[in-house]
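All chains are named by letter (A, B, ...) in the order of the sequence lines, taking the proteins before the strands, and each is independently numbered beginning at 1.
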Amino acid sequence: MKRVYLDHNATTPVRPEVAEAMRPFLGALFGNPNSIHGFGREARAAVEEARARAAALIGAAEPEEILFTSGGTESDNLALRGALAAAGGSGHILTSAVEHHAVLDTCKALESGKIRVTCLPPDKAGRVTAGAVAGALRPDTRLVSVMWGNNEVGTLQPVGEIAALCRERGVPFHTDAVQALGKVPMNVRELGVDFLSASAHKINGPKGAGFLYVRTGARLAPLLTGGGQERDLRSGTENVPGIVGLGEACRLAREEGPAQARALAALRERLESAVCERIPDVVVNGGAAERLPGTSNLSFIGAEGETLLIRLDLEGIAVSTGSACSAGSTEPSHVLVAMGLSLEALRGSLRFSLGWGSTEEDVGRVLDVLPEAVRRVRAMAPKPEARR
Amino acid sequence: MTPAFVDAHHYSETVLGHIAEPHNVGAIERPDAVGRGTNPSCGDEVTLYLRFEGERVAEAKMEILGCGAITASMSALTDMAGGKTAEELMAITPEQIAEHLGGLPRHKRHCAQLAQRVLRDALKDRA
């Protein structure tokens with residue numbers, strides 16, 4: 001059975017070019033980039049080449065504005081904790097209710113007598129407007145953090161407008177761009193973004209590598225202290241193979257991203273229109289907003305996401321769900337809840353996320369399998385007259 | 001012996017089998033007992049139908065709108081109920097349901113508990 005991977009927002013396959021670029025650094029080129037000798041210089045050159053590639057992908061003014069980290073979660077933690085610490089460890093953080101847990105839970109962990117957090121609710125499509133941000137800014141707001149593209153529904157936030165507003169008000173602006181990187185055009189210099197989080201494994205790079213863009217002049221305190229690597233902002237010997245892989249993934253994303261985004265948008269459109277045509281009672285979550293090109297979050301009313309996921313999995317199709325029936329306290333997707341979905345829509349949600357390597361054939365397989373899976377799950381449900 | 005609830009994120013092969021092909025799906029036309037249950041936190045909805053011959057269950061069927069674990073739990077319960085008396089049914093525990101499935105992830109314990117509640121609801125209905 002040919003397997004179909006439609007869970008690219010969870011992680012992506014490492015492209016062969018990336019693995020190839022990394023290989024020497026798992027072998028002969030093992031040097032520590034901080035060493036003065038030749039082994040060290042080889043590694044240093046590779047790290048700096050990767051830094052330049054990452055900077056080029058997001059339109060940073062200088063490669064030095066890129067700090068390598070272990071991934072998106074660390075980048076988010078460094079931005080939030082580091083910016084607040086640099087601002088004196090007190091004040092207000094303004095964020096949105098649809099952020100990734102790496103932002104939301106970090107805000108929660110920071111919240112104390114000295115640090116207050118506001119989470120802006122989104123509209124029904126998952127959008128947070130610049131107007132809402134403006135209305136919630138306080139004199140003591142030390143950081144605004146709004147994601148670029150949502151991992152669950154794909155909604156794109158108006159980061160340009162929010163960045164401009166923050167600049168005007170003199171408030172640092174952070175955006176978690178883990179999902180948007182390589183999929184939408186980015187120019188942090190033009191937009192005036194202060195901090196931007198990114199991860200390699202979402203753009204066909206390796207796991208365990210990412211970066212935080214820190215605009216020159218933006219104030220940040222380190223989380224990790226030690227050898228003083230990464231301009232004293234992220235100590236620890238650099239993950240050279242991971243960074244090289246990240247650099248190659250950034251190069252590929254810069255060269256192929258725009259064409260790939262168009263292709264993915266077309267595939268997504270085909271998937272959504274055919275699913276809605278063949279299956280009754282489907283809701284496209286976030287459908288009213290501009291979205292990441294490959295992300296489709298669909299609710300199958302009268303069905304349940306996890307059983308659908310497993311039925312697709314048994315046919316070799318990998319997707320994910322926002323319905324999480326877990327021990328009492330655990331809520332389903334906080335993003336879908338914040339968007340105000342009904343219980344029925346929450347329960348029946350599935351996320352299809354396409355990416356590099358996704359084909360018409362993959363979408364065709366879904367269309368072959370999904371209608372019957374939904375029909376069977378719906379057929380098992382208690383009939384309305386039997387329900388209380 | 002397999003523990004009833006395991007520290008696992010993923011379902012066992014047995015559970016997956018029940019989800020792919022749940023046993024005894026559907027309604028019984030003239031049931032002797034009907035039990036219903038919902039889980040308000042996740043919205044699972046379950047109906048259990050029992051038909052007795054004499055003192056023992058001759059047929060157990062179920063309808064289900066819920067996650068994999070509750071689907072498997074109900075599927076297992078309908079298997080376990082066959083041939084049992086009301087008294088024996090009352091003795092079925094969430095742990096036994098989970099053991100019948102070769103173990104359920106610990107965070108899905110409430111699914112086996114819901115299956116037991118629905119069973120007891122049915123027995124109350126018969127009484």
Side-chain angles (χ1 to χ4, degrees), chain A residues 1 7 10 281 299-334 336-337 341-350 369 372-388, chain B residues 5 7 9-13 15-29 31 34-49 61-75 78 104-114 118 121-122 125:
Chain A
M1 180 166 57
D7 200 13
D281 297 325
S299 282
F300 300 90
I301 305 300
E304 197 274 339
E306 191 188 69
T307 43
L308 285 175
L309 181 155
I310 291 168
R311 281 183 180 276
L312 293 180
D313 182 43
L314 292 167
E315 298 285 343
I317 300 171
V319 299
S320 82
T321 175
S323 84
C325 154
S326 189
S329 61
T330 308
E331 287 278 311
S333 151
H334 67 282
L336 300 181
V337 170
L341 262 67
S342 67
L343 182 62
E344 287 240 287
L346 277 174
R347 176 168 57 196
S349 84
L350 278 188
V369 171
E372 176 62 10
V374 173
R375 195 195 63 72
R376 285 201 58 186
V377 172
R378 281 176 174 165
M380 292 195 300
K383 304 300 166 278
E385 65 271 23
R387 293 191 200 172
R388 262 183 201 161
Chain B
F5 299 103
D7 287 313
H9 183 66
H10 295 110
Y11 291 134
S12 68
E13 289 296 323
V15 173
L16 290 173
H18 278 274
I19 298 167
E21 295 296 336
H23 305 171
N24 308 307
V25 175
I28 294 176
E29 212 159 290
V34 180
R36 298 184 182 92
T38 59
N39 191 332
S41 70
C42 53
D44 288 347
E45 295 176 39
V46 185
T47 307
L48 175 69
Y49 302 87
K61 294 186 84 170
M62 58 96 172
E63 293 171 327
I64 177 92
L65 175 52
C67 71
I70 185 63
T71 304
S73 295
M74 288 304 297
S75 176
T78 55
L104 270 181
R106 200 174 299 284
H107 68 279
K108 294 286 192 177
R109 178 193 290 268
H110 67 289
C111 293
Q113 288 168 336
L114 175 60
V118 172
D121 187 55
D125 179 56

Enquirer: With distance as the sole test, does A:R347 use its side chain to make a donor-acceptor pair with the main-chain N or O of B:C67 at under 3.5 Å?
Expert: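 Answer holds: no.
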Enquirer: Specify the closest pair of heavy atoms between A:T307 and B:G68, including all atoms of both residues, with the distance to one decimal.
Expert: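 The answer is CG2-N, 3.7 Å.
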Enquirer: Under a 4.5 Å heavy-atom cut-off, does chain B meet the side chain of A:R378, its backbone, both or neither?
Expert: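 When you check distances to chain B, no heavy atom of A:R378 falls under 4.5 Å.
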Enquirer: Need one label for A:A373: side chain, backbone, both or neither, based on atoms under 4.5 Å from any heavy atom in chain B.
Expert: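 For A:A373, there is no contact with chain B at all, as no heavy atom is under 4.5 Å.
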Enquirer: Got a second to check how far A:E306's CD is from B:T71's OG1, nearest 0.5 Å?
Expert: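 Here the rounded value is 8.0 Å.
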Enquirer: For chain B, find which of A:I310, A:L314, A:L308 contributes the most heavy-atom pairs closer than 4.5 angstrom.
Expert: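 Winner by heavy-atom pair count: A:I310.
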Enquirer: Output the distance between atom NZ (A:K383) and atom OG1 (B:T47), rounded to the nearest 0.5 Å.
Expert: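 Rounded to the nearest 0.5 Å, the NZ-OG1 separation comes out at 8.5 Å.
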Enquirer: Would you call A:M380 and B:P22 a side-chain contact if the rule is heavy atoms closer than 4.5 Å?
Expert: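 Yes, side chains in contact.
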Enquirer: Is it the side chain or the backbone of B:A69 that comes within 4.5 Å of chain A heavy atoms, both, or neither?
Expert: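 The backbone, not the side chain.
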